[in-house]
Amino acid sequence: MNWKSLLAVTLLSIATAVAQSGGAANQNSSKSSFTASPGEMASQASAPASNPVARPKSFDLGAMDKSVDPCEDFFEYACGTWRKNNPIPADQARWGRFNELAEYNRQLLHEILEKASTNGPKHDPVTQKIGDFYASCMDEKTVNAQGSAPLKPLLDRIAAISNKDELVKTLAYMHSLGINALFNFGAQPDLHNASMQIAGVFQGGLGLPDRDYYIKDDPKSQEAREKYQAHVTNMLKLLGDDDATAQKETQTIMAIETKLAQAEFDRVKMRNPENRDHKMAITQLATLAPNFEFPRFFASTGAPSFTDVNVAPPDFFKQVNGVIDSVPIDDWKAYLRWHAVHSVAPTLSQPFVEENFSFYGKYLSGQKELQARWKRCVLLTDQQLGEALGQLYIAQAFGKEGKDRMLKMVNALEEALGSDIQDLPWMTADTKKQAEVKLKAITNKIGYPDNWRDYSKVKIVRGDLLGNFWQARSFEIRRDWNKIGNPLDKKEWGMTPPTVNAYYSSSENDINFPAGILQPPFFDQAEDDAVNFGGIGVVIGHELTHGFDDQGSKFDASGNLTNWWTEADRKEFDKRTGCIADEYSSFAPVADVHLNGRLTLGENTADNGGLRIALIALRKALAADKNNPANQKKDGFTPEQRYFLGFAQVWCENRTEENQRLLAKTDPHSPGRFRVIGAVQNNADFQQAFSCKSGQKMVSENACRVW
């Protein structure tokens, strides 16, 4: 189950998806994205609607700082002037090339939605639905007049809880609205029969971004807890509590969430699929954690009946089991009340929006200003009705020619990875044979779905923002739950068409490239192969390599969790990935904060592999066509130098210190600077292209290589 996509959609304002959705959710996905989650990346925007945004450039000489030695700091050499000329906008926590393109896409989506929301000519049903949803979001006057009133029916239901039975039923109802209090529940591919979907329950229920915020005692963690508790108190006061009551309830909520955090596995443990592999009968789960009353919970959700469920991890539910009955009903009511308002705060009146932003946006992410409402409303519409809005986006922004050229590049990269596997000196023939079987089985999805999602059951009413939000959320939740017991739909997408991102799915063994990323600076019809292979080519190589990273390598060609390695080869593989983990753990985005090389291991392995195999594919393309314009030196750079610059310039970015701290704890992706220098330090072809010498910073003394 793609919890990352599922939970990120609750954002209407401000904070990054990982900050807003809580810590555990992102750890259970079998999908590995190229960059941050769709919700996070899509939320990055800065230019006002009246100021048209130009499409980004693919290869930009003006972005470079040629006063820097490329062999000492290739990131600054490729991006130094861009970074100086592109400070972080006030309504952002970071700003980079992804954000530039996301803003360009958002501008088009804004134009589409403004037209769709007019009450003039009659629209087709899809256009009418997205137009009404967007118009309800933009109707700030009505939203502010309603205050927290739209939330009152749910709050009244929580207040009326008087016994355990009502508590469980209310918890199930909240889950049907996408409020994942206490834990997460949904469909997921069976880890040992990936062709089928089964039920799964996963650790969760936090309001802070990660378990470590609750249990670590360093000054920053202590400060974050204090700020968080002040935020919870302020939100409860906005609901009508007096200060004393709000503070008392905050202490109760913090105590419950701390117990949940203490029971959770950390993110590195949850990256390991073996720690997420615990299929059992519902009767076994009921014995493991009887106080959760899971049979009653499952029945109350209205999900299809089932007999087996995957539990990730069992230790969480076993430990929290004792908490369930030891916490008084009134304390659980306070916890549920908090998570109710927390999950929908951005859809309520301005005081709720601003208080929510103050903690998650300003404090945790370093964002100075709330984004303009139109940006938040475009984002929300994309998140909630993405394949409806996506149909209109594709009609304007994506052509057959681009898809055909992408497919050609994908084929070239797959062939390059195949030759790379065969040439590996450390892998034996038996394992190479199995790797080749998996590679040949990888499928790809380019641009947009073959079959668009049918939103006809989603009832949208102008003037009811929260009601519309819950209509869309409930539709997605029900659609997810209805997958339980059914075959896996391999044609389904986990990202909306305008998203500037890409991903690999272990369970489906496929790579996925939304139309949103198939534009400059990643892919440019007007650019030569050297630049395009450095941009989208590396992205393709990155996603293909995910099938063979520390997680993907544990799944076979059919998407099943199984060992297809010889013991000796697996040992050598682990040694090589350990080298990468150690290398990236040495990087410090902030003076007192290092990256977690184990948390970012999959993405770093994919970066290194993608950079290597895309160059193999480029060289073959150039050798096959001597008249290819990419064979020529251009702007003073050789084809291979342009390739590496095209790669690096994708990652030009600036980040706030707060954002750096937050993502170092929670994001499996390294910051752009380290994605560039980490990969080139290990790449002898880069060093040869720029004549780097031993002892220079871009030449690793202990170069790491997996693929």
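Comment: Glu223 does not engage Lys227 in a salt bridge, judged by the lack of any side-chain N to carboxylate O separation of less than 4.0 angstrom. One finds no salt bridge joining Arg661 and Glu658 here, because no Lys/Arg side-chain nitrogen approaches an Asp/Glu carboxylate oxygen to under 4.0 Å. A salt bridge is absent between Lys66 and Glu76: the closest approach of a Lys/Arg side-chain nitrogen to an acidic carboxylate oxygen does not fall below 4.0 angstrom. Salt-bridge check for Lys216 with Asp210: failed, with every basic side-chain N at 4.0 Å or more from each acidic carboxylate O. Salt-bridge check for Arg225 with Asp217: passed, with a basic side-chain N closer than 4.0 Å to an acidic carboxylate O. By the 4.0 Å N-to-carboxylate-O rule, Asp73 lies too far from Lys697 to be salt-bridged with it. Between Arg598 and Asp550 there is no salt bridge, since none of the side-chain N atoms of the basic residue sits less than 4.0 Å from a carboxylate O of the acidic one.
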task = Evaluate ring-ring contact (aromatic ring centres under 6.0 Å, His included) for Trp707 paired with Phe548, printing each intermediate quantity in order.
result = CA-CA 8 Å; Trp707 302 104; Phe548 305 90; 5.4 Å; yes
message = One pair to check against side-chain contact (heavy atoms from CB on, under 4.5 Å): Val344 and Leu348. What are the steps and the verdict?
response = CA-CA 7 Å; Val344 301; Leu348 300 177; 4.3 Å; yes
inquiry  = Applying side chain to side chain donor-acceptor pair (under 3.5 Å) to Tyr214 and Glu257, what does each step give before you reach the verdict?
reply    = CA-CA 8 Å; Tyr214 295 87; Glu257 291 187 355; 2.5 Å; yes
task = Go through the steps for Tyr134 and Trp374 under the test ring-ring contact (aromatic ring centres under 6.0 Å, His included), then give the verdict.
result = CA-CA 9 Å; Tyr134 174 77; Trp374 74 265; 8.6 Å; no
side-chain contact (heavy atoms from CB on, under 4.5 Å) evaluation trace for Leu599 with Arg271 = CA-CA 7 Å; Leu599 176 61; Arg271 286 192 73 253; 4.0 Å; yes
Verdict with supporting geometry, Asp582 and Ser585, side chain to side chain donor-acceptor pair (under 3.5 Å) = CA-CA 5 Å; Asp582 292 343; Ser585 291; 5.4 Å; no
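In this structure, the side chains of Phe98 and Val650 come closer than 4.5 Å at one or more pairs of heavy atoms. In this structure, the side chains of Arg267 and Arg211 stay at 4.5 Å or more apart for every pair of heavy atoms. Counting only heavy atoms from C-beta outward, the side chains of Leu662 and Pro209 approach each other to under 4.5 Å. Using a 4.5 Å heavy-atom threshold, the side chains of Phe513 and Lys445 count as separate. Val232 is not listed as a side-chain neighbour of Met235, based on a closest heavy-atom distance of 4.5 Å or more. Residues Gln396 and Ile112 have side chains in contact (heavy-atom distance under 4.5 Å, counting atoms from C-beta outward). When side chains are defined from C-beta on, Val143 does not count as touching Val353, because their heavy atoms never get closer than 4.5 Å. Proximity of Phe674 to Thr600: side-chain heavy atoms (C-beta onward) are nowhere separated by under 4.5 Å.
For the pair Ala224 and Tyr213, the tightest heavy-atom approach, listed with the atom from each and the gap, is CB-CD2, 3.6 Å. Between Glu527 and Ser58, the shortest heavy-atom contact is CG-CB, 3.8 Å. The two atoms that bring Arg655 and Pro671 nearest to each other are NH2-CA, 3.2 Å, heavy atoms only. Of all heavy-atom pairs spanning Val500 and Gly516, the tightest one is CG2-O, 3.9 Å. Minimum heavy-atom separation, Gly62 to Thr81: O-CG2, 3.2 Å. The shortest heavy-atom contact between Thr545 and Thr605 is CG2-O, 3.7 Å.
Listed by first then second residue, pairs satisfying ring-ring contact (aromatic ring centres under 6.0 Å, His included) with a partner in residues 588-615 number zero, not counting sequence neighbours.
When only modelled atom types and interatomic distance are considered, Gln649 and Arg97 share no side-chain donor-acceptor pair under 3.5 Å. Using modelled atom types, one finds no donor on one side chain facing an acceptor on the other under 3.5 Å when comparing Ser221 with Asp212. Checking Asp69 against Gln696 by side-chain atom types alone, a donor-acceptor pair falls below 3.5 Å. Judged purely by distance below 3.5 Å, without hydrogens or angles, the side chains of Asn105 and Gln519 pair a donor atom with an acceptor atom. A side-chain donor from one of Asn682 and Glu583 sits under 3.5 Å from a side-chain acceptor of the other. In summary, the side chains of Asn659 and Ser365 do not present any donor paired with an acceptor at a separation below 3.5 Å, with no hydrogens or angles considered. Looking at Asn234 and His231, their side chains never bring a donor and an acceptor atom within 3.5 Å of each other. Side-chain contact annotation: Tyr584 with Glu603, donor-acceptor N/O pair under 3.5 Å absent.
Counting non-hydrogen atoms of neighbouring residues, nucleotides and ligands closer than 6.0 angstrom, the OH atom of Tyr448 reaches no more than 12 such neighbours.
Listed by chain and number, the residues in a salt bridge (charged side-chain N to carboxylate O under 4.0 Å, His left out) with Asp65 are Lys84 (sequence neighbours excluded). Among residues two or more places apart in sequence or in another chain, the side-chain contact (heavy atoms from CB on, under 4.5 Å) test is passed with Lys362 by Phe357.
A cation-pi contact, defined as under 6.0 Å to the ring centre and within 45° of the axis, links Arg675 to Phe34.
Among Tyr643, Phe533, Phe647, Phe686, the one residue that satisfies the side-chain contact (heavy atoms from CB on, under 4.5 Å) test with Leu615 is Tyr643. Partner of His342 under the ring-ring contact (aromatic ring centres under 6.0 Å, His included) criterion, out of Tyr360, Tyr228, Phe359, Phe352: Tyr360 alone.
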